Structure formats: structure tokens, C-alpha cells
Amino acid sequence: MPKDHATASLPTDLAAATGMPDRLATAIRHAVTIHETDPRYAPQARVMAGFCAVLWSRFLRFDPASPEWPDRDRFIVSSPPYRVLPGIMAELSGQAPRPTDPNARASERQACGPNGQGLGAAIGMALAEQKLAARFGRSVVNHRVWAVGCWTELSTGVALESAALAGQLGLDRVTLVVGLWESERPQVEAILPRYSASGWSVRKVDACNAEQIAAAIASSQRTHKPCLIACVATPEPASSPAVIDDPGLWAGAARRGASARRSWLRRLLKDRQKTEFERMAHNQRPAFWQQDWQRSWRDGSGTGRPAPPVAARRGLETLHELLPELTCLRSRQGIMADLSVRRAGAETDQSCGTQVNGMAALLNGIAMHGGLLACGASTIIAVDRMRPALRYAAMTDQQVIYLLTDDDLHRGESAGGWQPVEQLASLRAMPNMMVFRPADHRETMECMELALRRTNGPSLLTLESAISCSAHEREQYGLTNLCARGGYVVAEAEHARQVTLVATGHEVILALKARRLLKEAGMEAAVVSLPCWELFAAQKMTYRNAVLGTAPRIGIEAASGFGWERWLGPDGLFVGIDGFGATPAPDRPDSAADITPERICRDAMRLVRRLSEATMQTAGGNGAAPPGMASVDACV
């Protein structure tokens, strides 16, 4: 095992000099006073000055000359009160300037998202480090994760679930550090036992005692558990000591980091997996992976047309062979709950049980760490618990892929809380979130391909568990990925359109059946599949108009109709579910939850009849129904 971390625990001559930690801490406090303009946050940031001085000068594995070194230690800031610390530490230690935009890729050090998400992301980074080390060995991957946050974050649901997962997975390379005042100590001591029970090593130190801090950090490096350090501070004095402007304060840390990186480079040059490590470290995909992916699922399409969740499961199994960096976390429920793919003796997929809140936070950390492709599988109803993490991924432009199924959901008298009624509308309203709802096997594969190609934000696939039928209308398009444009015409009317059926997911199959019923009733209908609203909205207006047409439109989706008006226009009609607990009623063919081809056909005929009568009345006609309209009841 490399000795970089072991030797890092030994103080350098400069750091061991009398009063040196105090001088470093004083410089940090002075910088906080200058850079932090919010008077609420400045005192809390100064509390962590002593810890940062000891960590960066004696222990942190970093090279100021190479801030993107893959095997550097990760330093995470999880709370707004400490938001100035990364920039201050980088500036004082001579590190090259990094982007200050919170949405930049470098924001891994400025993880100020929803409360507790930064701590969860830090644990996800430790999981990424563990998986990369299992693949490439400790001679190439041997770093730690340090996260600084407020003590109030420790009691959040996402932090507790993430901490439980860290204990279960044995993530011994993550250390959480929280600052607090002496008056807040009783409240914190009520929380710390929860972390001890989750398998964490917990220590409390004086925030101004450099030796206690150094001993706690050295202990965290020796233990085989995740660690939590609480830095307790007394109210700071009114006046602070004079600042000594000495550029040589951090010289020892810079030399230590440069030496560690040179040793690492020598080991990497001799490693037989050097090329593969560099490819993954730069988040590059293997050559020709996309062609192999397309060939694999298109060659297997002749074996049947499975439902989207089954197709996604097969797709993941294929991707594990094509993309070694793919790492999937899954919940206890869902069709992929028992998916377990092993390679070279290591499990590439990890079960998180019902802790989907923490699972989603860990996925963000995996994506922010770099080197791995993060993917999560759960049920769509669990998205409400995952929402803060989804929002955080969208804010920070992280490539995370979510596969959400509804295979464990059922409709019954008590199933209202389990029906995903409003989730789709709320997810589509989230900026920078790409939501896919594929209809069949082929659309599922195409949407997964688009999610793999998108690198500037999260992608989410909702997978209907209903059995799909053969989409023979797609065969004419050959190898074209029509989902790449967000929407397309699945089946065009043989003559001029009288109505356009716009659907997503399994409802596309229902729309195709309704089209055949309308054809028998003498009405020309076209079917449009709209698997991704965001991609369709990005197309040129001429393409959108050509797909949607000028005929009256009916939107079909087993969810809330909120937002559908943008595609249906003022005369459109929506067929969906707008209430909880709605179930199909045999004696009520127009029940709100009864989305059937017959109901779609009836609604289409009524819509066209109503608009035709209104047009004739405006023109002074007699209001006669178009040919074939009177036979709709007999046909349906």
C-alpha cells in the first residue's frame, strides 16, 4: 500500500514550528473577515479556521500546482456558513484559481445545496473512491473525503440515511466535520449516538486546540470506520490577533503535495491499467460503445417486445459489459431490486434498501467524484423522497440517470397514496431535468441511449410495467433514434387528419388501438408519441407543427394533465388521472381512471363533433354531424 497518507499524518518541520497552527488559523480568520460579507456566517466560518489550518497544512492530500489531480483528497463544504472556506484555502495555499460559478463542475468543493445534501454527496464520493480502488488498487486510488457542515445537518433525514449506508458499506475514507458553539453542545450530544449506532467513529475536540484536532484527524485515518468530528468552540473574542502576512506559511504543505503526486505518477506509469484509469478519470466512454449498444438491443429485439422495465433491466445488464464505470444503486422495491451484476469478484450494483433519500444523495457524490457513471433504480412513488437530491443534481449539472418503475404499485380502494398522479408534472417543471417516458422496448432503449449521451444534467426514465405489444409502425424508420427529437408521429392518418392522439408511455399503445377503432368509425386519426417534452420543446417550431398537426388534439397520459395545455392548444382535450384513489368502475365507462381505447375513441368523436358543430353554427350551417359520426356508439 502506498505510504502517502501514512506519511501525511506526520507533521512537517514547518507545521511543527512553535505557534505555526495558530498563525495559519489567524490568517484564515482574517481572510474570512474580508471575504464573508454576511455577518450571520462569518463567526461560524471562523470557528472552522483551526481545523482547516491543521487539515490543509499537515494532512490534506493535494497539489496546488495540479488542482484536478485524480487522486487528490476531496474537500466538501456542505453549508452556506462555510461557503467561503474552499476559495480561501485555495488562495492561501497557492492553488490555481478555480471557477466560482456554483453550477460549474468544480462546485464539488462548494456543495451548498439543500440541507444535508452536501454530507450525502461526500459519502457518495467515498463510495466512488472505494469502487475505483477495488478496480484499480490502492497504488492508484488512495485518497480521502473531508466534508465540513453545520451540526444542524446531522439530524436531517438525508444525512442519517446516508450515514447508515456509509456504515453498512464500510466507507472508512470519509470524515464529516461539524462546528458548533459550547452552548449548542447538549443538542449535538443527543444526535451523535445515532451515528455511533450506524457504525461511525465519533470524536469531540476543542475547535482552537491544534493538537486535539491533529489527533482526531490522525485517528480517523487509522480507523476502519467512517468518522465524525465535532469541533466545539467558545464565543470568539471581540478583537483578533494581528495577521502575519507570510507567503511561506503553506510552503511545507505544497512540497508535501507535490511529492505525493510525483510518487503517484510513477506508480501510474507502471500500472497495467493506466490507459483504462485515465479514460475513466476523464469521464470518457470506451470507443464504439454506442455502436455496440445499439447493435446489442436491436439484435435482441427479435426475441420479443418486453415491457419498458424489463427492457431497461436487459439494457443495464448489457451496459455493465460495455461501460465498466457504470455504478447502479437500487432500492428494495422495483423490478430491478434483485438485479446484481458481478464482475471480477466485485459487485457493481448496490442495494440501499428503502433508504432512497440517502441513495439519491450518494448518486450525486458518485457523479461529482468523477470516474464513474451514476445510475439509480427505484419506484416512481419514491421520487418524492428523492426530490431534494434530484434538484441538487439539476443545479450542479451532474450526469445521474434515474430509472423509476411502477411495477409494485396497484390500484384499489386504498391505493390513492401509491398512484403517481402529480409526479410527472412536477418533475417536468424542474429546470435542467430531462424526463423520459418511453412507450415500448425500442423507445426505452433509445431513451437510455439519450440519457447516456447527456453529460450536463440528470436524466430520469419512468418505466410503465404494463405488457407492451409489437410496435410494428416503427419498423419503417430503420435505425433512426426518433426519441432524440422528443416526439414523432408513430402512425399517420391515411388521409387528412381529423384528430391527433398525443400520448406518452404505455398510453401510446392504447392510442394506437383507439386509432383503429376510429378508423372503423370513419374518422382519420394520427398517433404521436411524446417521450420527452424537454427535447420536443427544443425542436424548431416547423417540426413541432408538422408532428402535432392542425387537427384537434387529445392528450393521453395516466397522470395529471397539468402542463399538457402547451401541446394540446385551446381546443384540446386531456384523458388522464387528476385525483387520488381513482379506480376503473365497470358500471361507469367514463370513469376518471378508465383510460381505455374505447374511452379515447368516444372522447375523440365527441371533441370533433363539438368543434364541428361550433364551426357550422359560426358559419350559419345546420349543425349536421360529419359522416360516420352517428355510428360511434355502435362501433364502440
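Here the structure is a predicted model, which is why all the values come from computation and not from measurement.
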Self-check item: Heavy-atom pair of closest approach, residues Gly149 and Ser78
Solution: CA-CB, 4.2 Å

Practice problem: Answer yes or no: does atom CZ of Arg285 have more than 12 heavy-atom neighbours from other residues, nucleotides or ligands under 6.0 Å? | Solution: yes

Exercise. Would you please say whether a donor-acceptor pair under 3.5 Å links the side chains of Ser263 and Arg266?
Key: yes

Which pairs would a plain distance check flag for residues 155-169, meaning a side-chain donor or acceptor within less than 3.5 Å of a matching protein atom at least two apart in sequence or in another chain?
from   : atom 1 : to     : atom 2 : distance (Å)
Ser155 : OG     : Thr152 : O      : 3.3
Thr156 : OG1    : Glu153 : O      : 2.7
Thr156 : OG1    : Ala159 : N      : 3.4
Glu161 : OE1    : Asn357 : N      : 3.1
Glu161 : OE1    : Gly358 : N      : 2.9
Ser162 : OG     : Val158 : O      : 2.7

Quiz item: Taking atom CG of Leu424 and atom OG1 of Thr462, what is their separation to the nearest 0.5 Å?
Solution: 5.0 Å

Quiz item: Who are the ring pair (Phe, Tyr, Trp, His ring centres under 6.0 Å) partners of Phe136, not counting sequence neighbours?
Solution: Phe277

Quiz item: Excluding sequence neighbours, so at least two apart, what forms salt bridge (charged side-chain N to carboxylate O under 4.0 Å, His left out) with Glu276?
Solution: Arg135, Arg279

Exercise. Could you go through the side-chain contact (heavy atoms from CB on, under 4.5 Å) check for Cys375 and Leu326 one step at a time?
Key: CA-CA 7 Å; Cys375 177; Leu326 180 65; 3.9 Å; yes

Quiz item: Which word best sums up how the rings of His143 and His369 line up, parallel for under 30°, tilted for 30 to 60°, or perpendicular for over 60°?
Solution: parallel

Quiz item: Atom CG of Leu132 and atom CG of Leu127: how far apart are they, to the nearest 0.5 Å?
Solution: 9.5 Å

Quiz prompt | Residues forming a side chain to side chain contact (heavy atoms under 4.5 Å, CB included) with Ala214, sequence neighbours excluded | solution = Val54, Arg58, Phe59

Quiz item: Considering only heavy atoms from C-beta outward, does the side chain of Val383 approach that of Tyr402 to under 4.5 Å?
Solution: no

Quiz item: What residues, two or more places apart in sequence or in another chain, satisfy side chain to side chain contact (heavy atoms under 4.5 Å, CB included) together with Glu422?
Solution: Asp384, Phe580

Practice problem: State, to 0.1 Å, how close Ser57 and Arg256 come at their nearest heavy-atom pair, and which atoms those are. | Solution: O-NH2, 3.2 Å

Exercise. Could you list the residues that satisfy salt bridge (charged side-chain N to carboxylate O under 4.0 Å, His left out) with Asp38, not counting sequence neighbours?
Key: Arg40

Self-check item: Contacts of type side chain to side chain contact (heavy atoms under 4.5 Å, CB included), residue Ser426, not counting sequence neighbours
Solution: Arg387

Exercise. Among Arg261, Arg72, Arg262, Arg255, find the residue that satisfies the salt bridge (charged side-chain N to carboxylate O under 4.0 Å, His left out) test when tested with Asp63.
Key: Arg261

Self-check item: Closest non-hydrogen atom pair between Ala253 and Trp56, with its separation
Solution: CB-O, 3.4 Å

Quiz item: Are any side-chain N or O atoms of Ser139 and backbone N or O atoms of Arg267, one a donor and one an acceptor, separated by less than 3.5 Å?
Solution: no

Exercise. Indicate the atoms forming the closest heavy-atom contact of Ala122 with Val174, along with that distance.
Key: O-CG2, 4.1 Å

Practice problem: With sequence neighbours excluded, tell me which residues meet ring pair (Phe, Tyr, Trp, His ring centres under 6.0 Å) with Phe51. | Solution: none

Quiz prompt | Beyond-backbone contact of Leu452 with Leu373, side-chain heavy atoms, under 4.5 angstrom | solution = yes

Exercise. Please list, chain by chain and in numerical order, all residues satisfying salt bridge (charged side-chain N to carboxylate O under 4.0 Å, His left out) with Asp271, sequence neighbours excluded.
Key: none

Exercise. Indicate yes or no for a side-chain donor-acceptor contact from Gln284 to the backbone of His282 under 3.5 Å, with no hydrogens or angles considered.
Key: no

Exercise. Please name the pair of heavy atoms, one in Gly376 and one in Leu363, separated by the smallest distance, quoted to 0.1 Å.
Key: CA-CD1, 3.6 Å

Quiz item: Got a sec, which residues hit ring pair (Phe, Tyr, Trp, His ring centres under 6.0 Å) with Trp151, two or more places apart in sequence or on another chain?
Solution: none

Quiz prompt | Residues that Glu36 engages under salt bridge (charged side-chain N to carboxylate O under 4.0 Å, His left out), provided they are two or more places apart | solution = Arg83

Quiz item: What salt bridge (Lys or Arg N to Asp or Glu O under 4.0 Å) pairs are there with at least one residue in residues 186-204, not counting sequence neighbours?
Solution: Arg185-Glu189

Self-check item: Shortest non-hydrogen separation from Val148 to Tyr82 and the atoms involved
Solution: CG1-CD1, 3.8 Å

Quiz prompt | Asp71 backbone acceptor or donor facing Arg61 side chain under 3.5 Å | solution = yes

Exercise. Applying side chain to side chain contact (heavy atoms under 4.5 Å, CB included) between Gln212 and each of Ile217, Asp206, Val232, report the one that passes.
Key: Asp206

Quiz prompt | Residue pair Met368, Arg74: steps toward the side-chain contact (heavy atoms from CB on, under 4.5 Å) verdict | solution = CA-CA 10 Å; Met368 294 169 67; Arg74 268 57 169 184; over 6 Å; no

Quiz item: Would you say the side chain of Leu171 lies within less than 4.5 Å of the side chain of Val145, judging by non-hydrogen atoms?
Solution: no

Exercise. Kindly say whether Ala389 contributes a backbone atom to a donor-acceptor pair with the side chain of Asn364 at under 3.5 angstrom?
Key: yes

Practice problem: Verify whether one side chain among Asn432 and Asp397 offers a donor that lies under 3.5 Å from an acceptor in the other. | Solution: yes

Quiz item: Taking Tyr392 for the side chain and Ala121 for the main chain, is one N or O donor matched with an acceptor at less than 3.5 Å?
Solution: no

